[in-house]
There are 2 protein chains.
Amino acid sequence: MSYTYEYPRPALTVDCVVFGFDGEERALKVLLIQRKGEPYKNCWALPGGFVGMEEDLETAAIRELKEETGLSNIFLEQLYSFGQPNRDPRGRVVSVAYFALVKHGKHKKLHATTDALDARWFPIKQTPELAFDHANILKVALERLRGKLRYQPIGFELLPEKFPLSELRHLYETILEKTLEKRNFRKKILKMKVLKALDEHQQGVAHRAARLYSFDKEKYEQLRQRGFNFEL
Amino acid sequence: MSYTYEYPRPALTVDCVVFGFDGEERALKVLLIQRKGEPYKNCWALPGGFVGMEEDLETAAIRELKEETGLSNIFLEQLYSFGQPNRDPRGRVVSVAYFALVKHGKHKKLHATTDALDARWFPIKQTPELAFDHANILKVALERLRGKLRYQPIGFELLPEKFPLSELRHLYETILEKTLEKRNFRKKILKMKVLKALDEHQQGVAHRAARLYSFDKEKYEQLRQRGFNFEL
DNA sequence: TCAAAAGTGTTTCTGCTACACCCATGC
DNA sequence: GCATGGGTGTAGCAGAAACACTTTTGA
């Protein structure tokens, strides 16, 4: 079977930059797969692939992520489209990149599925050489993550459902690469009223157990519609 | 001549949302073209067209803009990619949308070129029915414009080289749809040191002539690199 | 001399920053 | 009882907001 057009067409792919935050190592990580086929065989790359003919772009991103890494049901948002004529040795390939956030703990075990040799988390500071222009895509994604983190409550997407405030702070400190004053951070975030204080505490820690909180998405939506702006 | 591929491929287009600010009417406007051919013949639409095979996405946007409206040398930035499977009746067409800002006065006269029946500025509040999903693209562009305006000095792209402070304020008031206190606006923007005060004043106004300013791009770049953040 | 917008300073108030000590818990 | 991080209050300061009058110019 083949398909014929009057004019040439670029191929269209999606690529996903999946970020996770490892609370234990206090490190921001990115999910990469090892390529099974040519080009860049065995090379590490962002998960992604060709867009189906009847498939929405976001749907394609979700599907590829599932196929190549086993991940599903995660925060996903379009990042940018990359279309340099020579970014792929096979010919003209335009890629719509997505940017995803996952609760790292939940997905520690990754499936290296049929489409990829391997799938692994890499600390953002120690990524291998990447295929295509993926290093650049990753760079853009990282800038976007840092930019959004301060103005939108997306940090919660990287944490488990229930978390102590200190973990949220560590996440901000790690990603923004600066330390935040403990008391002021607490005041600021609690004053926004987007966290639900739970009647639960940490367990099995060698010190006073911290209270757990959860992000109150409904409350946030209500506030946002009244013109409230999350900003940290 | 025809082109054959093993798998089907979506067609790829670029569309441009071009904003201009009309200082006299104090209105934000968008540039639309009237379609010459099917589908949506005679309907108003965003300028745009197919991406060439060896052509960078941004280059394609610049070229289409030139071809359909005569505009060139303007601020252009990628907005978002739209890929709903049924957004174009001709079949699967994915469009990378760009978002452009022009100095309205300079380009009051538009060429209705060979590719379009007509090209016109429409106040954002009074746009006609648009072809395809262009109404949605416009909506996304407008949100982006409002969002960026506060945190990046892009307002200047909509003004002439030299302008009085009041015009800059009117621009902000119009786009953000709220009034700004005259004295505080002046203080805030001047304190940033990104405006050059010129030794020129308005001419032919029926009241005290205001001093003209120009945006100092180099100064802004210097400040930005030292961690300064434009915010209004 | 009137109309219309330019231009200017000060006070008030809010909200951020900086900072040090006691508390609860597991080992 | 000690080490570890959890949790709290306040004083000082900077910057935003609010506000009214004088100046300049052309008609």
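A, B, ... follow the sequence lines: proteins, then strands. Residue 1 opens every chain.
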What pairs of residues pass the side-chain hydrogen bond (donor to acceptor under 3.5 Å, both in side chains) test when at least one of them lies in residues 145-159 of chain A, not counting sequence neighbours? A/E77-A/K148, A/K148-A/Q152
Show me, pair by pair, the donor-acceptor contacts under 3.5 angstrom made by side chains of residues 207-217 of chain B, not counting sequence neighbours?
residue : atom : partner : partner atom : Å
B/R211  : NH1  : B/L198  : O            : 2.6
B/D216  : OD1  : B/E218  : N            : 3.4
B/D216  : OD1  : B/K219  : N            : 3.1

Which nucleotide of DNA chain D is the first, and which the last, in the 5' to 3' direction, to come under 4.0 Å of a heavy atom belonging to chain B? D/dA16 to D/dG26
Contacts of B/Y40 meeting side-chain contact (heavy atoms from CB on, under 4.5 Å) (sequence neighbours excluded), chain-then-number -> B/R35, B/C43, B/P89, B/A131, B/F132
Encode nucleotides 4-13 of chain C as B, S and - characters from 5' to 3', where the letter depends on protein heavy atoms closer than 4.0 Å: B to the base, S only to sugar-phosphate, - to neither. BSBBBBB---
Residues in side chain to side chain donor-acceptor pair (under 3.5 Å) contact with A/S81, at least two apart in sequence or another chain: B/S81
Please enumerate all residues that pass side chain to side chain donor-acceptor pair (under 3.5 Å) together with A/R87, with sequence neighbours excluded. A/D133
Table please: side-chain donor-acceptor pairs of residues 183-190 of chain A below 3.5 Å, with sequence neighbours left out.
residue : atom : partner : partner atom : Å
A/R183  : NH2  : A/E181  : OE2          : 3.3
A/N184  : OD1  : A/K187  : NZ           : 3.3
A/N184  : ND2  : A/E181  : OE1          : 3.4

Which residues pass the ring pair (Phe, Tyr, Trp, His ring centres under 6.0 Å) test with B/F163, sequence neighbours left out? B/F156
